[in-house]
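To start, the structure under review is shown below, and the notes come after it.
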2 protein chains.
Amino acid sequence: MSSRESVSADAAERHEKAGNTVAATIKDIAKKTGLGLATISSYLNGGNVREKNRILIEAAIEELHFEVNEVARGLKTNQTKTIGVVIPELNNVFCAEIITGIEDIMRNHGYALVICDCRTDPLRECDAVEFLYRKRVDGLINMPVNQDGRHLKPFMDAGKPIVLLDRKLNGVDCDSVLVDNLEAAKQAVNIFLQNGHRRIGMIGGPAEIYTGQERLTGYRLGLMEAGITPEERLIALGDYTIRGGMRCMRELIEHNPDMTAVFVANYEMTMGAVIGMNEMGIHMADDISVIGFDNGEFARACKPRLMIVSQPTREIAERAADLMLTRLKESANAKDEGAVSISRRRGRIIKLPTSMTEGKSVRNITE
Amino acid sequence: MSSRESVSADAAERHEKAGNTVAATIKDIAKKTGLGLATISSYLNGGNVREKNRILIEAAIEELHFEVNEVARGLKTNQTKTIGVVIPELNNVFCAEIITGIEDIMRNHGYALVICDCRTDPLRECDAVEFLYRKRVDGLINMPVNQDGRHLKPFMDAGKPIVLLDRKLNGVDCDSVLVDNLEAAKQAVNIFLQNGHRRIGMIGGPAEIYTGQERLTGYRLGLMEAGITPEERLIALGDYTIRGGMRCMRELIEHNPDMTAVFVANYEMTMGAVIGMNEMGIHMADDISVIGFDNGEFARACKPRLMIVSQPTREIAERAADLMLTRLKESANAKDEGAVSISRRRGRIIKLPTSMTEGKSVRNITE
DNA sequence: TATAGAACTCGTAACGTTTCGGTTTGTTGT
DNA sequence: ACAACAAACCGAAACGTTACGAGTTCTATA
């Protein structure tokens with residue numbers, strides 16, 4: 001017993017000895033205050049302790065610069081207070097803005113965000129998810145690239161919460177935060193119609209991506225409701241890249257000399273479309289009216305200022321974080337009740353409205 | 001003892017009982033193979049085991065779906081295989097591009113990146129660093145907002161590696177990855193000079209930020225080497241925001257009717273400058289020649305295409321990751337030798353060259 | 001003032017690894 | 001066949017928490 005004494009010197013002694021700081025542990029606090037381990041732990045976790053002990057503990061914590069070891073806690077509680085995030089492209093303002101928002105909120109709740117960029121590659125996305133699973137993050141936030149939700153399996157099986165961003169996955173029952181893409185596209189088309197346009201082109205996203213489908217459907221619906229039959233040659237499908245946007249715009253213009261307006265269905269392609277027009281010497285508004293997507297900053301920098309569909313990134317972030325936080329709380333509580341409640345849960349789907357941001361890129365051709 | 005037996009059923013049994021998967025542990029593998037704990041651990045960490053045992057172990061791992069618990073390992077080894085990243089703005093393409101690059105490399109080495117956006121707020125930056133420290137990340141990558149390196153103290157004291165991005169901190173001895181801002185600005189000025197410009201304006205960054213200082217100095221030097229005395233009224237200092245860029249461009253134009261060219265010292269302000277010119281009805285190149293900074297995509301979308309200084313984000317990322325990885329290895333090895341070697345280390349500073357990306361935004365006014 | 005009940009405290013046993021020192025097994029050269 | 005040595009193996013003790021059940025101290029009521 002005496003040997004034990006001499007071996008486990010408290011933090012202060014160790015400090016002296018090593019010549020530099022060694023983190024104090026809960027044991028050091030217990031020893032210093034004369035209280036038991038469990039009492040300290042209870043205090044640290046918001047439990048009640050007698051006033052005089054509270055003072056004692058706080059003094060000891062102060063003096064020894066104690067900080068709880070979150071790794072040890074994590075081992076015991078089986079949670080890392082860490083959320084994994086997998087997105088297609090970090091250097092994509094739409095993604096980045098949402099992530100920033102989520103990060104802010106989650107950090108305020110003690111959660112760290114581990115971010116993985118899968119570069120729009122389904123394989124990389126799988127890798128990233130597995131990586132995060134091995135890192136034992138408590139939940140996953142994902143703007144999915146894979147069509148089926150196969151890559152989500154590890155988290156599904158483990159019953160860990162998943163929140164999908166921007167894109168719904170058919171046949172996958174997950175919490176998701178989306179925008180009303182259909183309505184957004186319809187609005188854009190309507191603005192063109194109100195300004196007298198009839199031959200309206202669309203630069204759409206990949207047919208296999210949710211947002212691409214929805215926005216295209218909205219475009220078609222908008223036209224049909226005005227009694228116009230959508231024509232295939234007025235539709236060009238790009239791959240959500242700048243290059244794709246340039247190509248589509250060129251195609252559209254070449255095949256449709258009579259086209260007066262174009263709706264572009266994401267930010268990168270909007271940029272590409274603008275570049276394409278510049279290079280072809282075609283003037284926005286004067287020659288062809290344009291409504292783009294996302295990124296108000298780019299829109300303001302265009303000449304003339306570009307009208308765009310704006311997505312509520314701030315709110316998307318808030319909703320996603322809320323959803324995650326709720327699920328996290330649920331699974332914490334679920335320890336008490338039967339584990340069934342978790343597996344029985346159904347994914348909540350939140351659909352937020354977009355808004356139009358004014359610009360000068362749509363010409364009124366009625367007069 | 002018999003009670004102990006019945007309590008610690010192996011993973012397979014537990015699996016059956018609970019009705020859903022329970023992670024197998026190293027103990028389960030030991031039991032299944034009849035080998036000792038230490039042997040399994042040794043195998044997992046790349047140690048040598050006898051061929052037949054290797055096969056045994058691998059089979060057991062396969063069968064029980066064993067995966068090492070990185071949290072438990074972290075508790076024991078005192079490292080989380082996690083790196084903290086603190087940046088001023090995630091939705092800033094320059095930042096985002098560097099982070100993506102770093103993330104890719106670090107993940108390939110088993111490190112996760114915990115990213116914190118401090119919104120260019122020194123206080124938030126301090127918070128973020130403390131947060132990461134409590135999360136016990138193994139190292140810190142930071143594009144600093146605070147002037148003095150005070151916010152880095154926790155990591156300094158703990159002897160945990162720090163890599164600074166983009167900005168050097170005076171009096172702080174840290175590994176840093178920078179670009180040659182001075183030379184970049186000189187190059188831009190020289191291009192203007194070669195095209196016959198003499199009255200060259202500059203939209204510079206905040207006086208207290210490293211890159212702002214360097215780029216301004218480069219501008220001054222470039223002029224002086226050509227025998228031109230820099231004039232204060234040709235210099236407008238912004239705050240690296242779009243709004244600031246707009247304001248500066250307006251000021252410059254109002255105060256200098258004879259100005260023929262402007263160099264803008266970061267991306268956001270470049271965008272702002274372009275917007276400002278658009279709104280004032282001033283044409284790029286024709287009226288005023290412009291060289292901007294960063295973001296080739298934006299430059300390509302401008303009309304006429306904007307000439308810019310390009311920073312090698314890919315290489316910045318590589319160097320930063322390399323630096324971090326090396327330091328990490330060093331501190332791992334340092335356990336053997338005296339701890340002195342760590343504290344004695346001096347910060348390595350890597351300075352990378354920028355390049356000019358062609359555009360049509362500089363007019364030759366000699367003819 | 002005694003006492004029931006609540007409120008607080010305690011020791012011990014986990015959580016799943018790694019590591020230390022010592023033991024066993026295998027290999028080589030004679 | 002046997003020493004001598006290396007390589008592989010082993011159990012137990014950590015790492016710093018939390019959680020359980022039981023024990024202790026308060027507080028309020030009779």
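Proteins get letters first, then strands, A, B, ... in listed order; numbering begins at 1 in each. Hydrogens, waters and symmetry mates play no part in the numbers below; they use all other heavy atoms, side chains included.
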Quiz item: Start at the 5' end of DNA chain C and walk down; is the nucleotide closest to B:Glu67 or to B:Lys52 reached first?
Solution: B:Glu67
Quiz item: Picking from A:Leu164, A:Leu165, A:Val177, what satisfies side-chain contact (heavy atoms from CB on, under 4.5 Å) with A:Met143?
Solution: A:Leu165
Quiz item: Is the shortest distance from a Lys or Arg side-chain nitrogen in A:Arg73 or A:Glu70 to a carboxylate oxygen in the other one below 4.0 Å?
Solution: no
Quiz item: With respect to the side chain of B:Arg50, which nucleotide from C:dT9, C:dT19, C:dT25 is positioned closest?
Solution: C:dT25
Self-check item: Distance test, side-chain N/O of A:Asn48 to OP1/OP2 of C:dC8, below 4.0 Å
Solution: yes
Quiz item: If you measure from the Lys or Arg side-chain nitrogens to the Asp or Glu carboxylate oxygens, is any gap between B:Arg150 and B:Asp148 under 4.0 Å?
Solution: yes
Quiz item: Nearest to the side chain of B:Ser41, which nucleotide is it out of C:dT19, C:dG16, D:dT18?
Solution: C:dT19
Quiz prompt | Separation of atom CG in B:Leu37 from atom P in C:dT19, rounded to whole Å | solution = 13 Å
Practice problem: Please determine if B:Arg134 and A:Glu67 form a salt bridge, counting it only when a charged side-chain N lies under 4.0 Å from a carboxylate O. | Solution: no
Quiz item: How many Å lie between NZ on B:Lys81 and P on C:dT18, as a whole number?
Solution: 12 Å
Quiz item: Does the distance from a Lys or Arg side-chain N to an Asp or Glu carboxylate O, for A:Arg319 and A:Asp175, drop under 4.0 Å?
Solution: no
Self-check item: Rounded distance (Å) that lies between atom P of C:dC15 and atom CG of B:Asn69
Solution: 12 Å
Self-check item: Distance, rounded to the nearest Å, where A:Asn53 contributes CG and D:dT24 contributes C1'
Solution: 13 Å
Quiz item: What's the CD-C1' distance between B:Gln79 and D:dG16, to the nearest Å?
Solution: 17 Å
Quiz item: Between A:Leu75 (CG) and D:dA19 (P), how many Å, whole number?
Solution: 12 Å
Quiz item: Is A:Val68 touching bases, backbone alone, or none of the nucleic acid, heavy atoms closer than 4.0 Å?
Solution: sugar-phosphate
Exercise. Quick one: label B:Asn78 by what it contacts on the DNA or RNA (base, sugar-phosphate, nothing), any heavy atom closer than 4.0 Å.
Key: nothing
Practice problem: With DNA chain D as reference, determine whether B:Gly34 or A:Ile40 sits nearer its 5' end, using the nearest nucleotide of each. | Solution: B:Gly34
Self-check item: A:Arg73 side chain near D:dT18 phosphate (N/O to OP1/OP2, under 4.0 Å)
Solution: yes
Exercise. Taking only the side-chain nitrogens and oxygens of A:Thr39, find out if one of them lies under 4.0 Å from OP1 or OP2 of C:dT9.
Key: no
Quiz prompt | Out of C:dG11, D:dT17, C:dC15, whichever nucleotide has its closest atom nearest the side chain of A:Ile26 | solution = D:dT17
Quiz prompt | Sugar-phosphate, base or nothing in reach of B:Phe66, heavy atoms under 4.0 Å | solution = sugar-phosphate
Quiz item: In whole angstroms, how far is the C1' atom of D:dC26 from the CD atom of A:Glu51?
Solution: 15 Å
Self-check item: Nucleotide C:dG16, atom P - distance to CZ of A:Arg134 in whole Å
Solution: 19 Å
Quiz item: Is B:Leu35 touching bases, backbone alone, or none of the nucleic acid, heavy atoms closer than 4.0 Å?
Solution: sugar-phosphate
Exercise. Check whether the side chain of A:Lys76 and the base of C:dA14 form a donor-acceptor pair under 3.5 Å.
Key: yes
Quiz prompt | Heavy-atom check, side chain of B:Ile61 versus side chain of B:Ile29, under 4.5 Å | solution = yes
